[in-house]
Amino acid sequence: MQHSLSFFLLDIANPLPVTFHRAIDVSLNPKTSLEDIIELGFSRVLTSGGQPSAIKGLPLISELTSMGAGRIIVMPGGGITPDNLELILKELPELREFHGSGSGAWKESRMEHRNDSLRMGLSPDYAYKETEANTVLNLVNISKRIWNENT
Ligand SMILES: *[C@@H]1O[C@H](CO)[C@@H](O)[C@H](O)[C@H]1NC(C)=O
Ligand SMILES: *[C@@H]1O[C@H](CO)[C@@H](O)[C@H](O)[C@H]1NC(C)=O
């Protein structure tokens, strides 16, 4: 394993905690990678459990959470919305953190000059999503309700 780059990043950030951001999801062996990430000194790992969304990746997220217990925070992320958060929190009772954009529906861009014969990237060029206060409040409400039930 190549240590140098990660040590460098962690050194610069020290004493701030550093989150390992989802590369674990494309790892050949996420469980071995989790041990490497812990050994390197990361304090948190963001993961969708090796699947396109956290809800699909729940089985691996659950395993990684148990493996990391007390050594690293495993934070699920990827498509977490008010519609599926309750299920995720109930499936992962140890969880105290989750990641979400809190975004609502796609919004149409106000760009007037458009050229549909080329694309700038994979997401739509003339539409965007943004974090919405109501969605965030909803996520907070759901997590408070579930976490208070469990305590
Ligand atoms: C759109 O892009 C094409 C390809 O680059 C170019 O030929 C064309 O002039 C552009 N049209 C507009 C309206 O900018
Ligand atoms: C969240 O809960 C508060 C207090 O129970 C309530 O007033 C508010 O309407 C709720 N917000 C959403 C977005 O569900």
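Both ligands and their constituent atoms are indexed starting at 1 by order of listing.
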(message) Could you tell me, atom by atom, which parts of ligand 1 come under 4.0 Å of a heavy atom of His113?
(response) 13 (C), 14 (O)
(request) State, with a plain yes or no, whether a side-chain heavy atom of Ile146 is found less than 4.5 Å away from one of Glu86. (result) yes
(message) Regarding Glu35 and Arg71, does a basic nitrogen lie under 4.0 Å from an acidic carboxylate oxygen?
(response) yes
(message) Is the ring pair Phe98/Trp147 parallel, tilted or perpendicular, if the boundaries are 30 and 60 degrees?
(response) tilted
(request) Show which atoms of ligand 1 fall inside a sub-4.0 Å distance from at least one heavy-atom site of Leu118. (result) 2 (O), 5 (O)
(request) Evaluate the 4.0 Å heavy atom contact test for atom 9 (O) of ligand 1: does a protein atom fall under the cut-off? (result) no
(message) Within the structure provided, determine whether Ser109 and Arg114 are in side-chain contact (heavy-atom separation under 4.5 Å).
(response) yes
(message) To check your reading of the model: name the closest protein heavy atom to atom 4 (C) of ligand 1, its residue, and the distance in Å.
(response) Ser117 OG, 3.7 Å
(message) Taking the side chain as everything from C-beta on, heavy atoms only, tell me whether Leu9 gets closer than 4.5 Å to Val18.
(response) no
(request) Can you pull out the closest protein heavy atom to atom 6 (C) of ligand 1? Residue, atom name and distance to 0.1 Å, please. (result) Asn115 ND2, 4.1 Å
